[in-house]
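One structure is given here, and the rest of the page talks about it.
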Amino acid sequence: MTKHFAVDVLICGAGAAGLTLAIDLARREVSFRLIEKMDKPFHGSRGKGIQPRTLEIFEDLGVLDRIAAAGGPYPRQRHYHDDGSHSDSELMEQQASIPAEPYRTPLMLPQFMTESILRERLAELGHRPEFGSELVGLDQDEAGVSLRIAGRAGEENIRVRWLVGADGGRSFVRQALELGFPGRTLGVRAIVADVSLTGLNRDVWHRFGDKDMQRQISLCPLAGTDLFQIQGPVSLEGDVDLSAEGLNAMVAQRTGRDDIQVGSVSWASAFAMNARLADQYRVGSIFLVGDAAHTHPPTGGQGLNTGVQDAYNLGWKLAAVLAGARDQLLDTYEEERRPVAAAMLGLSTSLLDDLKRGEIRRGRETQQLDIGYPKSSLAIERPTRQGGVLAGDRAPDAPVRGAAGQPLRLFDLFKGPHWTLLVYEGNPTALPSRRGLHIHGVGEQGGIVDHAGHVGGIYALMPGDWVLVRPDGYVGAILASSEMALLERYLEEVGLGRPEQAQP
């Protein structure tokens with residue numbers, strides 16, 4: 001599908017969002033290049049929290065087991081008080097899995113390790129990021145985008161169908177488009193540093209001066225490493241000494257202890273916190289994902305996860321348009337994801353205000369399991385539903401069995417780049433098969449047995465109902481058996497086509 005184009009997609013930026021998009025396009029056999037202006041991979045811990053919804057995405061992309069093996073749970077918090085005492089608390093409630101939600105507790109894994117695992121997965125699919133390659137010019141017309149890339153071998157000019165800016169908060173792509181990035185500076189500057197240190201155990205997250213922004217500092221053992229992450233607010237102006245000597249002085253001054261010693265600094269940064277949202281996510285053939293589209297305080301561990309989910313939303317839509325869907329499908333990327341980012345900015349800013357008061361506990365709102373697209377033009381119900389899962393919701397998991405008795409999950413059926421169509425207690429052959437759509441009957445007439453009643457109960461289905469699950473794990477449509485014509489029309493519009501139009 002690359003006629004007149006070097007590749008269909010150029011992804012600018014090989015962080016977590018860019019890598020997620022690359023993996024998704026690779027498994028869909030969409031041609032792309034992934035470039036990164038840095039000479040080597042990012043080596044800091046910046047985004048260390050992986051939320052439950054992102055764990056579900058990583059399961060689909062084939063990296064969950066590696067992510068879980070490399071990382072670990074968040075430790076309890078130890079709050080040190082001025083009188084020399086301390087108290088421990090949970091950062092978040094530990095919740096056991098339920099049939100609908102197999103992952104309900106965030107995982108800690110430093111960002112550099114998450115990205116390393118994503119690069120491994122991308123390599124398995126036959127692709128690698130091009131480090132030391134910088135986008136230095138772009139010009140788009142109605143048919144595509146012309147680009148200038150400065151790389152190790154010099155400058156090259158290429159033409160692509162689409163450009164995706166995954167190039168961070170200072171995005172060249174966003175700036176070249178002259179897009180507004182409104183929001184506000186939050187009046188907080190902080191340091192984050194990955195260090196080796198002695199004097200503290202690794203069983204808890206150590207917090208000092210919780211309610212004092214002049215003295216506040218935290219030292220968190222980084223799961224999967226022998227490092228600690230130091231975090232703390234600093235003056236809005238002036239240089240910050242991020243050497244081992246400078247960090248030692250800061251730690252001693254804020255903790256009142258001389259037994260905590262920083263030995264070496266692996267990575268460190270000082271940054272001002274902002275909450276900003278791009279005016280648009282799409283301009284013609286150019287899209288923004290991740291921090292290029294939204295920047296925010298790190299409180300709540302939302303940023304990396306939101307960027308991953310941006311990419312997960314966009315990838316299947318690009319592939320669908322290549323397969324014959326209308327170009328307007330790509331408008332739903334901004335329609336769905338920009339409101340999510342706006343809400344995330346509000347949540348992160350609210351959690352930052354809590355942090356200033358020494359309130360650190362996090363609830364379900366940070367887990368991203370309740371994010372959905374109920375107002376999306378891709379969400380259709382007939383008749384309108386009053387309960388259970390709704391069109392636009394995240395499609396819940398549930399234990400089921402195959403007809404031969406083998407244990408399965410709905411997520412097993414959803415896994416992969418395809419759409420999934422479930423018919424509950426109905427005839428799965430009533431709709432002709434087509435490429436890119438997996439059809440499963442749940443009940444006596446199909447190959448899936450709802451042995452514990454979870455599918456019918458969680459989804460609140462009536463016999464004959466059809467549930468169409470998108471490639472990104474959200475419910476596209478829930479339709480009664482009498483709405484087959486509407487189901488056929490929906491499938492055509494998202495690029496699945498009529499059976500006789502399916503390609504061999």
Side-chain angles (χ1 to χ4, degrees), residues 8-13 15-18 20-22 24-25 32 35 135-148 159-185 274-296 302-322 325-349 371-379 392 472 474 494:
D8 287 312
V9 185
L10 190 286
I11 307 168
C12 181
T20 297
L21 180 58
D24 202 22
L25 294 180
F32 69 91
I35 65 171
L135 182 64
V136 295
L138 65 88
D139 182 39
Q140 74 165 317
D141 53 40
E142 292 183 358
V145 191
S146 298
L147 305 172
R148 286 191 299 119
R159 186 158 172 79
V160 301
R161 191 182 306 270
W162 294 300
L163 167 65
V164 179
D167 49 344
R170 298 178 181 177
S171 169
F172 171 84
V173 175
R174 188 189 66 243
Q175 294 179 40
L177 292 172
E178 299 183 345
L179 282 176
F181 202 38
R184 62 192 179 101
T185 299
N274 291 271
R276 299 186 181 278
L277 181 62
D279 282 337
Q280 295 172 249
Y281 277 26
R282 180 190 187 188
V283 178
S285 299
I286 304 176
F287 303 84
L288 300 178
V289 301
D291 288 352
H294 42 76
T295 188
H296 43 81
Q302 300 296 287
L304 180 148
N305 297 272
T306 302
V308 164
Q309 291 170 51
D310 289 343
Y312 194 59
N313 183 286
L314 179 60
W316 72 264
K317 294 174 181 178
L318 295 172
V321 171
L322 284 174
R326 299 174 183 174
D327 182 80
Q328 289 85 343
L329 177 64
L330 297 176
D331 291 334
T332 67
Y333 167 63
E334 178 175 326
E335 174 191 336
E336 293 180 345
R337 292 304 300 170
R338 193 170 182 275
V340 169
M344 182 271 292
L345 263 61
L347 172 61
S348 297
T349 302
I371 289 174
Y373 313 121
K375 297 181 180 179
S376 171
S377 56
L378 296 178
D472 58 354
Y474 290 87
V494 296

Heavy-atom pair of closest approach, residues G165 and V173: CA-CG2, 3.8 Å
Contact check, side chains of E334 and Q280, non-hydrogen atoms, under 4.5 Å: yes
Non-hydrogen side-chain atoms of W162 and L330 separated by less than 4.5 Å: yes
Side-chain donor/acceptor of N274 to backbone N/O of R276, under 3.5 Å: no
Side chain to side chain contact (heavy atoms under 4.5 Å, CB included) between D8 and V160, worked out: CA-CA 5 Å; D8 287 312; V160 301; over 6 Å; no
L345 side chain reached by H294 side chain, heavy atoms, under 4.5 Å: yes
Residues forming a ring-ring contact (aromatic ring centres under 6.0 Å, His included) with F32, sequence neighbours excluded: H127
Contact summary for L277 and A341, nearest pair of heavy atoms: CD1-CB, 3.8 Å
Salt-bridge criterion met for K317 and D24 (N-O under 4.0 Å): no
Student check: side-chain heavy atoms of Y333 and V289 closer than 4.5 Å: yes
Residues F181, T295; criterion side chain to side chain contact (heavy atoms under 4.5 Å, CB included); working and verdict: CA-CA 9 Å; F181 202 38; T295 188; 3.7 Å; yes
Distance under 6.0 Å and angle within 45° of ring axis: R337 vs Y281: no
Residues which pass salt bridge (Lys or Arg N to Asp or Glu O under 4.0 Å) with D279, listed by chain and number, not counting sequence neighbours: none
Gap between atom CG of D310 and atom CG of L21 - 0.5 Å precision: 10.0 Å
Where A379 and G392 come nearest, the two heavy atoms and their spacing: CB-N, 3.8 Å
Side-chain donor or acceptor of N305 paired with backbone N/O of V308 under 3.5 Å: no
Check: Q140/S146 side-chain N/O donor and acceptor closer than 3.5 Å: no
Chi angles and distances behind the side chain to side chain contact (heavy atoms under 4.5 Å, CB included) call for V164, L10: CA-CA 6 Å; V164 179; L10 190 286; over 6 Å; no
Atom of E335, atom of S377 and distance for their closest heavy-atom approach: OE2-N, 2.5 Å
R174 (side chain) donor-acceptor with L179 (main chain) under 3.5 angstrom: no
Distance-only polar pair, side chains of D167 and S171, donor-acceptor under 3.5 Å: yes
Residues E336 and S376: side-chain donor-acceptor under 3.5 angstrom: yes
Side-chain heavy-atom pair I11, F287 within 4.5 angstrom cut-off: no
Nearest heavy atoms of D472 and Y373, plus distance in Å: OD2-CE1, 4.4 Å
Flag side-chain contact, heavy atom, 4.5 Å: L147 against L163: yes
Separation of T332 OG1 from L314 CG (nearest 0.5 Å): 9.0 Å
By salt bridge (Lys or Arg N to Asp or Glu O under 4.0 Å) - contacts of R184 (at least two apart): none
Residue pair W316, L25: steps toward the side chain to side chain contact (heavy atoms under 4.5 Å, CB included) verdict: CA-CA 8 Å; W316 72 264; L25 294 180; over 6 Å; no
Closest contact, heavy atoms only, A17 versus G307: CB-O, 3.5 Å
Side chain to side chain, R161 and V321, heavy atoms closer than 4.5 Å: no
Beyond-backbone contact of Q302 with L347, side-chain heavy atoms, under 4.5 angstrom: yes
Test item: Q175 side-chain N/O and R170 main-chain N/O as donor-acceptor pair under 3.5 Å: yes
